[in-house]
Student: 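Let me begin by handing over the structure; questions about it come next.
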Amino acid sequence: MQSSITLKPGDAARVRQSIHSPYCGRVGVIMNVDGSDDRAPYLVMFSDGLQFRYQPSEVESLEKGPQRSVFESVLRVIGETRQSLFHPKSLSSREKVEKLRQEKLTRS
């Protein structure tokens, strides 16, 4: 199954469902298209910073206008990256108890 839509760098793309494709179902941004690579010309970057190469049959366009697609994709990636950088991970129960214990000791 070949993709009838040509993807360009900056386009948002969804990885089609397949047991062979990493990150299937996720949306990323096309970072590079290597026409000389017959096996996997599309380099896709995801919000966590990982990049994978895909065959044309493994990715699909989100079918929006190119400028809007690039803008929305970049904003989403920036937002998700910023969120993971600045929001602390949730504490485990043990860490919460220890934090409360320390706060209680400092108040006394």
Student: With rounding to the nearest 0.5 Å, note down the distance linking OH in Y54 to SG in C24.
Tutor: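 Here the interatomic distance stands at 8.0 Å.
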Student: Residues in side chain to side chain donor-acceptor pair (under 3.5 Å) with D34, at least two apart?
Tutor: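 Scan of D34 (side chain to side chain donor-acceptor pair (under 3.5 Å), adjacent residues dropped) gives S36.
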Student: For residues S18 and R16, determine if any side-chain heavy atom of one lies less than 4.5 Å from a side-chain heavy atom of the other.
Tutor: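 They are not in contact (no side-chain heavy atoms under 4.5 Å apart), so the answer is no.
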Student: Heavy atoms, side chains only, cut-off 4.5 Å: are V33 and K8 in contact?
Tutor: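 No - every pair of side-chain heavy atoms lies 4.5 Å or more apart.
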Student: Mind checking whether M45 and Q51 have side chains closer than 4.5 Å, heavy atoms only?
Tutor: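 Result yes, sub-4.5 Å side-chain heavy-atom pair found.
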Student: As an exercise, state the distance from CZ of R26 to CG of L50, rounded to the nearest 0.5 Å.
Tutor: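 Going from the CZ atom of R26 to the CG atom of L50 covers 8.0 Å.
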Student: What residue among L7, D11, V15 forms side-chain contact (heavy atoms from CB on, under 4.5 Å) with Y42?
Tutor: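 Result: among L7, D11, V15, L7 is the only option passing the side-chain contact (heavy atoms from CB on, under 4.5 Å) with Y42.
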Student: Could you grab the distance from atom CD of E58 to atom CZ of R53, nearest 0.5 Å is fine?
Tutor: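 The CD atom of E58 sits 12.5 Å away from the CZ atom of R53.
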Student: From S21 OG over to Q55 CD, what is the distance, rounded to the nearest 0.5 angstrom?
Tutor: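 The OG atom of S21 sits 7.5 Å away from the CD atom of Q55.
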